[in-house]
Amino acid sequence: MALDHEVARQRDEEEVSTATVVAYVLAAVVLFGWFLYGWLVLRQGFVNSIGEAAGTGFALLLIVSIVGTVRRSRR
């Protein structure tokens, strides 16, 4: 039983790499730019621009989730 708690603690204490943080910040900046481009340049409306940026963000999260699952299953 104590072994299970130690393994769970080790999984919780995994640090996030600098490359991961940089990739997430870059994705957030690109999504914000995509929102501004749709709203101000294409003039497609505020709500539509938010929806498009949110949809793109969810698609990126889905891709990250799939890649993470594949990488974790190979360990």
Side-chain angles (χ1 to χ4, degrees):
M1 191 75 170
L3 209 63
D4 292 338
H5 292 293
E6 291 176 15
V7 171
R9 248 187 261 134
Q10 288 175 353
R11 286 184 186 161
D12 291 341
E13 293 176 0
E14 290 180 9
E15 292 185 15
V16 178
S17 69
T18 304
T20 303
V21 172
V22 169
Y24 283 144
V25 168
L26 181 65
V29 169
V30 167
L31 284 174
F32 186 68
W34 186 249
F35 159 73
L36 289 177
Y37 178 74
W39 185 36
L40 299 174
V41 176
L42 297 179
R43 296 180 184 260
Q44 65 182 5
F46 182 77
V47 174
N48 288 338
S49 295
I50 288 176
E52 190 171 332
T56 305
F58 286 130
L60 284 173
L61 286 174
L62 179 63
I63 291 168
V64 167
S65 175
I66 291 170
V67 169
T69 301
V70 169
R71 287 183 66 192
R72 193 165 287 195
S73 69
R74 289 185 178 181
R75 286 190 209 175

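Because only heavy atoms are used, hydrogens play no part in the values below, and waters and symmetry mates are left out as well, while side chains stay in. If you're wondering where the values come from, they're calculated on a predicted model, not measured in any experiment.
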Which atom pairs, donor and acceptor, lie under 3.5 Å between side-chain atoms of residues 37-45 and protein residues at least two apart or in another chain?
unit_1	atom_1	unit_2	atom_2	d
Gln44	NE2	Ser49	OG	3.4
Gln44	NE2	Glu52	OE1	2.9

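Listed by first and then second residue, the side-chain hydrogen bond (donor to acceptor under 3.5 Å, both in side chains) pairs that reach into residues 20-30 are Ser17-Thr20, sequence neighbours excluded.
The structure places CG of Leu26 at 9.5 Å from CG of Leu31, a figure rounded to the nearest 0.5 Å.
Two different hydrophobic clusters hold Val30 and Val64 under the rule that ILVMFWY side chains link at heavy-atom gaps under 4.5 Å.
Closest approach of Trp34 and Ala53 over heavy atoms only: CD1-CA, 4.1 Å.
If you run side-chain contact (heavy atoms from CB on, under 4.5 Å) between Ile66 and each of Leu62, Thr69, Ile63, only Leu62 comes through.
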